[in-house]
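Since the model is a prediction, treat every value here as computed from it, not as a measurement. Order of listing sets the numbers, starting from 1, for every ligand and every atom in it.
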Amino acid sequence: MKILVTGGLGFIGSHTTIELIAKKHEVVIVDNLVNAKIDVLTILEGITNETIPFYPYDVTNYEKMSEVFQQHQFDGVIHFAGLKAVGESVEKPLEYYQNNLISTMTLTQLCREHAVHKFVFSSSATVYGDQESPLMEHFELKKTTNPYGETKAMCERILSDVGHARPAFEISLLRYFNPIGAHESGLIGENPNGIPNNLMPYITKVAKGELSKLNVFGDDYDTVDGTGVRDYIHVVDLAKGHVAALEHLTKGVHIYNLGTGKGTSVLELIQTFEAVNHVNVPFEIVARRAGDIATCYSDASKAKEELHFVAEKGIAEMCRDAWRFENNQLN
Ligand code: WQD
């Protein structure tokens, strides 16, 4: 199939592009480079040995996106493009609502105009709010703790309503848990601009000596060792989950957790990272981070039953691959 991948030079979009091409799909990428680097395109073409049509456009720009849809007859879209920093969304809610909602609506409108029926949306476990894990797709969505999460929940609702109004649409809403790790080549991975918000890129920069120590946000949660527990999934497994969702699409609106079903605490992740990479990660326990919840992990059975998707890579491999990528980065 010919697939438009928005945000295709980003962390998850780039890994998914590799898996799509590995399964003989054709990929066209749109990315406005607000949180990605253009050299990822050359790396992707090197890894896949394919020329990948690329447009440096903003998905909120209807005229520009219209050009892309006129030049390519897509069979489907995977929509990654969006702002995704939880803390930043609290400071800049309007930018998050404008960008994340308008991009999704623009894309959906163009899909309708060009009879592109297959739509896979990058959602997030954040939409569950502070509900009891293991989290299941049929749970009612609660108010999330930040505007970023709200935009994901609203996009899910928009796509669900469009899907119910237009039965020809085949829509899959994928709720990610915590994607970490990197492609085995070490050439692409999680490379946020500035000081990382997320745990793993912070750990790798501490291990490398770029940052002095990791601040562990609280050890007084009701968890195995008091630190936050999350469902970490290897980004390559997550990418494969997208291909599985795309290839199994049927009419209607479908929701899937993409996780491992297992929880790992911050201290457990640090210990595993140090053990497999033979490095030190100095840390200090500090106050909780606003908006954090104690525990968040998936019930991953629905994706297994309906998509025949099971995450295969464990925490040790995630730590090894993340470290390999960090070591390939120039300071
Ligand atoms: C993981 C754990 C922190 C940093 C968010 C979004 C989610 C997705 C992934 C976009 C928590 C602890 C973290 C640090 C720490 N984002 N931590 N020190 O918050 O679970 O999920 O990012 O798609 O939608 O909600 O991920 O990596 O920030 O935190 O102690 O410097 O690590 O408290 O327990 P989170 P995270």
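Comparing heavy-atom distances from atom 3 (C) of ligand 1 across Ile180, Val86, Ile12, Asp292 singles out Asp292 as nearest. The residue among Tyr148, Phe177, Tyr176, Phe283 with a heavy atom at the shortest distance from atom 10 (C) of ligand 1 is Tyr148. For atom 2 (C) of ligand 1, the candidate residues are Phe217, Phe80, Tyr232; the nearest heavy-atom contact is made by Tyr232. In this comparison of Leu199, Ile285, Thr126, Leu83, the heavy atom closest to atom 24 (O) of ligand 1 sits on Thr126.
In this structure, atom 18 (N) of ligand 1 lies nearest to the protein heavy atom Asn215 O, 2.8 Å. The protein heavy atom nearest to atom 34 (O) of ligand 1 is Gly228 CA, 3.5 Å. In terms of protein heavy-atom proximity, atom 20 (O) of ligand 1 is nearest to Arg230 NE, 2.7 Å. Closest to atom 26 (O) of ligand 1, if we only count protein heavy atoms, is Asn178 ND2, 3.1 Å. Here the heavy atom of the protein found nearest to atom 29 (O) of ligand 1 is Arg289 NH2, 3.4 Å. Scanning the protein heavy atoms around atom 22 (O) of ligand 1, the nearest turns out to be Asn198 ND2, 2.8 Å. Looking from atom 12 (C) of ligand 1 to the surrounding protein, the closest heavy atom is Val266 CG2, 3.8 Å.
Here the closest heavy-atom approach between residue Ser123 and residue Glu156 is recorded as OG-OE2, 2.6 Å. Between Glu150 and Tyr97, the shortest heavy-atom distance links the atoms CB-OH, 3.3 Å.
Inspection of the Thr151 and Asn100 side chains reveals an N or O donor paired with an N or O acceptor under 3.5 Å. Residues Asp231 and Thr260 have side chains that bring a donor and an acceptor to within less than 3.5 angstrom of each other.
Of all atoms in ligand 1, listed by their number and element, those nearer than 4.0 Å to a heavy atom of Val216 are 30 (O). Of all the atoms in ligand 1, the ones that sit under 4.0 Å from a non-hydrogen atom of Ser124 are 7 (C), 24 (O). Of all the atoms in ligand 1, the ones that sit under 4.0 Å from a non-hydrogen atom of Asn197 are 4 (C), 28 (O).
Here the two rings, on Phe69 and Phe74, have centers that are under 6.0 Å apart. Ring to ring, Tyr55 and His72 are close: their centroids are under 6.0 angstrom apart. A ring-centre distance under 6.0 Å is found for His242 and Tyr176.
With sequence neighbours left out, the side chain to side chain donor-acceptor pair (under 3.5 Å) criterion links Glu284 to Lys213.
Heavy-atom contacts from other residues, nucleotides or ligands closer than 6.0 Å to CD of Gln71 number more than 12.
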